[in-house]
Amino acid sequence: MNVDWTPMRRMLGTLRAENHRLVIWWRDDDAVAPTTALEQLNTLSKHLDIPVHIAVIPAGATPGLAAFTTENPNLIPLVHGWRHHNNAPADDKKSEFGSPRPAGITELAKGQRRMRDLFGASYLPMFVPPWNRLDPSFLPALQDAGYLGVSTYTPRSARNAAPNLRQINTHIDPINWRGNRGLKEPDALISETVDLLRARLDGIQDATEPLGYLSHHLVHTPQVWEFSQRYLTELLEGGAEVQPIGPLLET
């Protein structure tokens, strides 16, 4: 893969020159069971020495997945909705928790219980709404159910989504969802990254939020796998620090 990393390397160099600390984290969505793709994700995680926070769909999660994460503590389970079912009204963008509905409150609590039963202490009580859409009406129910954090997509507007509910989002997604569902144009991804880092440096966006890489192992093409490895390597070689999310939910 022929990619010009120069713009990103220059921006990372600027961050280092200005003593600007860059923290990164990795989230991967839609896990339910051990698969060849999950094994590949696990191998890449270990190779890069970056833990992957896997957003697990509670209703479909299997004991086999729980056993796999126990054997591989670099895979950190989060909760990904309840069934990953589209409940959006007709003509609205897809979402499971993107609009108010009473049954959703019950599902939030069920998801929490299911994850604790399966994963025990390795489970991190952070809620990842499917399609990254969450109606604010669910925030009190998340707090009541014992969640400590929320993760969606794009830079956060505030440190907390609600009192005692930390917001830590993802920012770079390599998949071209609106096109062929393969790798997005690498130059565009690098440009997005440079713009995000520039906005942090200029004080336009929250520079304390860890920069999140979002992947979806079940649909990765070979090009997405290759880009992911190189992209994360470039960040590490450029001075980025890895941050597991768990300790940030308790501060």
Side-chain angles (χ1 to χ4, degrees), residues 23 25-32 53-61 76-173 196 199-200 204-214 216 243-251:
V23 172
W25 76 296
W26 186 359
R27 195 187 97 202
D28 184 279
D29 288 0
D30 302 341
V32 289
H53 300 72
I54 56 171
V56 177
I57 303 171
I76 303 170
L78 315 176
V79 62
H80 196 30
W82 170 239
R83 292 189 297 145
H84 207 297
H85 176 75
N86 180 25
N87 294 312
D91 301 326
D92 280 5
K93 292 181 178 180
K94 289 182 178 181
S95 68
E96 186 172 28
F97 292 89
S99 56
R101 56 186 183 87
I105 295 174
T106 301
E107 291 169 2
L108 294 176
K110 286 168 62 178
Q112 177 83 294
R113 290 195 298 271
R114 173 68 173 159
M115 294 292 288
R116 283 177 171 160
D117 288 345
L118 274 176
F119 298 97
S122 68
Y123 161 59
L124 192 62
M126 170 177 267
F127 186 74
V128 179
W131 296 283
N132 290 299
R133 298 186 179 105
L134 179 66
D135 190 272
S137 65
F138 288 112
L139 294 176
L142 286 169
Q143 294 172 290
D144 292 344
Y147 290 92
L148 298 179
V150 171
S151 180
T152 57
Y153 190 73
T154 70
R156 67 187 181 191
S157 57
R159 183 180 174 87
N160 287 351
N164 302 315
L165 196 63
R166 185 61 46 83
Q167 183 93 38
I168 303 176
N169 290 347
T170 53
H171 309 90
I172 296 294
D173 182 342
L196 282 165
R200 289 163 173 245
I204 298 171
Q205 293 172 3
D206 185 353
T208 67
E209 181 182 23
L211 182 73
Y213 188 71
L214 174 59
H216 291 75
Q243 175 64 67
I245 295 305
L248 299 182
L249 301 184
E250 301 171 358
T251 58

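- One finds the CZ atom of Arg159 at 10.5 Å from the CD atom of Glu209 (value rounded to the nearest 0.5 Å).
- Side-chain atoms of Gln167 do not come within 3.5 Å of backbone N or O of Gly149 as any donor-acceptor pair.
- Between Pro155 and Gln205, the closest heavy-atom pair is CG-OE1, 3.4 Å.
- Taking the charged nitrogens against the carboxylate oxygens, Arg114 and Glu107 have no contact shorter than 4.0 Å, which rules out a salt bridge.
- Checked by atom type and distance alone, the side chain of Tyr147 pairs as donor or acceptor with a backbone atom of Leu108 at under 3.5 Å.
- Ring pair Phe127/Phe138: centre-to-centre distance not below 6.0 Å.
- When all heavy atoms are compared, the tightest approach of Arg133 to Ser95 is CB-CB, 3.9 Å.
- A side-chain N or O of Ser151 and one of Arg27 form a donor-acceptor pair less than 3.5 Å apart.
- Side-chain atoms of Asn169 come within 3.5 Å of backbone atoms of Thr154 as a donor-acceptor pair (strictly under, hydrogens ignored).
- Nearest heavy atom pair, residue Pro58 against residue Val79, reads CG-CG2, 3.2 Å.
- Residues Met115 and Leu78 come closest through the heavy atom pair CE-O, 3.1 Å.
- For the atom pair CD1 (Ile54) and NE2 (His80), the distance works out to 11.5 Å, reported to the nearest 0.5 Å.
- Not one N or O on the side chain of His84 forms a donor-acceptor pair closer than 3.5 Å with the backbone of Pro130.
- Put simply, the side chain of Glu96 gets close to the backbone of Trp82: a donor and an acceptor are under 3.5 Å apart.
- Side-chain atoms of Thr170 come within 3.5 Å of backbone N or O of Thr152 as a donor-acceptor pair.
- Atom CG of Asn164 sits in a sparse spot, with 12 or fewer heavy atoms from other residues, nucleotides or ligands closer than 6.0 Å.
- A donor-acceptor contact shorter than 3.5 Å is absent between the side chain of Tyr123 and the backbone of Leu118.
- Residue Ala145 comes nearest to Ala109 through the heavy atom pair CB-CA, 4.2 Å, listed as atom of the first residue, atom of the second, then distance.
- Considering every non-hydrogen atom in both Arg83 and Ala59, the closest pair reads CG-CB, 3.5 Å.
- A distance of 8.5 Å separates CE in Met126 from CG in Leu165, rounded to the nearest 0.5 Å.
- Side chains of Ser99 and Asn87 form no contact here, defined as non-hydrogen atoms less than 4.5 Å apart.
- One side chain, Thr208 or Arg156, offers a donor N or O that lies under 3.5 Å from an acceptor on the other.
- The ring of Trp26 has its center no closer than 6.0 angstrom to the ring center of His53.
- Not one N or O on the side chain of Asn86 forms a donor-acceptor pair closer than 3.5 Å with the backbone of Lys94.
- With contacts defined as side-chain heavy-atom distances shorter than 4.5 Å, the pair Ile168/Leu248 qualifies.
- Between the CG atom in Leu148 and the CD1 atom in Ile245 there is a gap of 12.5 Å [rounded to 0.5 Å].
- Looking only at side-chain heavy atoms (C-beta outward), Ile172 and Leu214 stay at 4.5 Å or farther from each other.
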